[in-house]
J.: 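Below is one structure. I have some questions about it.
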Amino acid sequence: MHFETRAIRAGQEPDPTNGAIITPIYATTNFQRQSIDQRDGYAYSRVSNPTRAAAEQCLASLENGKYGLLFASGMAAEVALLGLLRLGDHVVCTRDVYGGTISMWKHLAPQRGISVSYADLRDLNAVEGAIQPNTRMLWLETPTNPLTYVLDVRVLAELGRRRGLLTVIDNTFATPYLQNPLDMGVDIVVHSVTKYLGGHSDILGGALVFNRDDLYEPLWDQQAIGGAVLSPFESWLLLRGMKTLAVRMRAHCENAMAIAQYLAEHPKVERVLYPGLPDHPQHTLAKQQMRGFGGMIAVYLKTDRAGVDRFCRSLRLFNLASSLGGVESLVGYPATMSHEGLTPEERAERGITDNLVRLSIGIEHVEDLMEDLEQGLRRV
Ligand SMILES: *Cc1c(COP(=O)(O)O)cnc(C)c1O
């Protein structure tokens, strides 16, 4: 079946007790057993719950994966992956990565005796150079946050396999509508479903999707014993959100392309990074490995920090706010928002300067969005 159909149908048979078409919110902690010997079926909602199971099956299907596990947030899903590592293990992580992931490596990994090196994964020599005898995991994110650089997923998955590393990719920005990393050889896909998959900025959630049978038990332990699970209500909102993922992503991509082109021509703009623009450094690669270019744009304005502040405060439709991937457009300031946890030197190394803003393009009418940006840029 095609993506759009699976997004609406996968994991969602009519309810066997009464025929309800929409999977109900099973707001129950426990389930009655038929006998003291019953071992199968549902027992306790931390371990499994029918609404969560439906959402897990649907998302696994969208990622062409065998297993899906839902967590209370994207970070809870990421922390679950620390459970695959042991004292003394080392991780190579893409340098341009989500701020919360950096905080995890900085604050939680050392407590477990796990170390990390960052590398520019666009450069294969740099990746090879960062791999140590104790390296166990290679962590990718593409398009990267916030600068939208694109990594070659097939090549990096192959390198990971050759060097015996577990490859993980954060697929939050692209979504399974735009790319399916498991098909490109990656071992585990991570999502913050808080973003495009939920799509309406009203749930926090995270997911792991994978095919490898040997990963199921250790990761299921992290979910069911760790207990940071997605609630039945939020699983239901996620199911509802995923039904429109395809149409929303088409609208995000279309709006973002038009806005990136408009900004690229604007006299108040120094540089626009959007994988759909021909001058993006990995435009050709993005065309090969993605089915569209997404809704995230990085913009360097021709001004200083004060000018950026005037710009952000004068916008009427673009809310100055964290997060991304909702139907409404947002502007973010990486230096004090998503990447606040970095030192000024770490920010400079990553190209996160005082004149950089990040736009999450929503699905409002594109002319209204451009008008808003135009009046904001006049105050730069
Ligand atoms: C938001 C985000 C996360 C973390 O997800 P939460 O749901 O906020 O915990 C991880 N990776 C990326 C790329 C994100 O945008």
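Remember, it's 1-based here, ligands and their atoms both numbered in the order they're listed. Counting begins at 1 with the first residue of the sequence.
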J.: How far apart are the closest heavy atoms of L239 and A55, and which atoms are they?
T.: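 Minimum heavy-atom contact is CD2-CA, 3.5 Å.
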J.: Does ligand 1 have any atom that is closer than 4.0 Å to a heavy atom of V193?
T.: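 Not so, V193 does not reach ligand 1.
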J.: In terms of atom number and element, which parts of ligand 1 are under 4.0 angstrom from non-hydrogen atoms of E141?
T.: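 Listed by number with element, the hits are 13 (C).
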J.: For atom 13 (C) of ligand 1, what's the nearest protein heavy atom and its distance?
T.: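 Answer for atom 13 (C) of ligand 1: D170 OD2, 3.4 Å.
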J.: Could you identify the single nearest non-hydrogen protein atom to atom 6 (P) of ligand 1 and state the distance to 0.1 Å?
T.: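 Nearest protein contact, heavy atoms only, for atom 6 (P) of ligand 1 is G74 N, 3.3 Å.
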J.: What I want to find out is whether K66 reaches D213 closely enough, with some N-O distance under 4.0 Å, to be called a salt bridge.
T.: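 Answer for the salt bridge query: yes.
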J.: Considering only the protein, which heavy-atom contact is closest to atom 9 (O) of ligand 1, and what is its distance?
T.: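 I find the closest protein heavy atom is M75 N, 2.8 Å.
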J.: I'd like to check which ligand 1 atoms, numbered from 1 as shown, lie under 4.0 Å from a non-hydrogen atom of E78.
T.: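 That gives atoms 10 (C), 11 (N) of ligand 1.
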J.: At under 4.0 Å between heavy atoms, which part of L324 makes contact with ligand 1: side chain, backbone, both or neither?
T.: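 Near ligand 1, L324 shows its side chain, while the N, CA, C and O stay back.
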J.: So is G325 touching ligand 1 or not, going by heavy atoms under 4.0 Å?
T.: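 Contact check G325 vs ligand 1: negative.
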J.: Using distance alone, with no hydrogens and no angle criterion, decide if S201 and E328 have a side-chain donor and acceptor under 3.5 Å apart.
T.: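 Present: a donor and an acceptor within the cut-off.
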J.: Identify the protein heavy atom lying closest to atom 7 (O) of ligand 1, giving its residue, its atom name and the separation to 0.1 Å.
T.: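 It is T194 OG1, 2.7 Å.
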J.: Check contact between H191 and ligand 1, using heavy atoms of the residue and a distance below 4.0 angstrom.
T.: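 No; H191 lies far enough from ligand 1 that no heavy-atom distance drops under 4.0 Å.
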J.: Is the closest side-chain donor-acceptor distance between D37 and S35 under 3.5 Å?
T.: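 No, no side-chain donor-acceptor pair sits under 3.5 Å.
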J.: Do any N/O atoms on F173 end up under 3.5 angstrom from N/O atoms on ligand 1?
T.: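 No: no nitrogen or oxygen of F173 is under 3.5 Å from one in ligand 1.
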J.: At what distance is the nearest protein heavy atom to atom 8 (O) of ligand 1, and which residue and atom is it?
T.: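 The closest heavy atom on the protein side is Y98 OH, 4.0 Å.
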J.: Going by the angle between their ring planes, with limits at 30° and 60°, are Y216 and F210 parallel, tilted or perpendicular?
T.: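 Ring orientation of Y216 relative to F210: tilted.
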J.: What are the atoms of ligand 1, with element, lying closer than 4.0 Å to any heavy atom of G205?
T.: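 That gives atoms 7 (O) of ligand 1.
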J.: Could you check whether H283 and F293 have their ring centres less than 6.0 Å apart?
T.: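 Yes; H283 has its ring centre under 6.0 Å from that of F293.
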J.: Below 4.5 Å, heavy atoms only, C-beta onward: do T28 and N30 meet side chain to side chain?
T.: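 Yes, close enough: below the 4.5 Å cut-off.
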J.: Run down the list S192, P146, G198 and name the one with the heavy atom closest to atom 5 (O) of ligand 1.
T.: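 Answer by nearest heavy atom: S192.
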J.: Looking only at distance, does K195 have an N or O less than 3.5 Å from an N or O of ligand 1?
T.: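 Yes; the residue has a nitrogen or oxygen that sits under 3.5 Å from a nitrogen or oxygen of the ligand.
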J.: Between H90 and T135, does any side-chain donor sit less than 3.5 Å from a side-chain acceptor?
T.: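 Judged by distance alone, the side chains do pair up.
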J.: Atom OG1 in T94, atom CG in L156: separation rounded to 0.5 Å?
T.: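 Atom-to-atom, T94:OG1 and L156:CG are 8.5 Å apart.
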J.: Can you tell me how the ring of Y262 sits relative to the ring of H266, calling it parallel under 30°, perpendicular over 60° and tilted otherwise?
T.: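 Taking H266 first and then Y262, their aromatic rings stand perpendicular (interplane angle over 60°).
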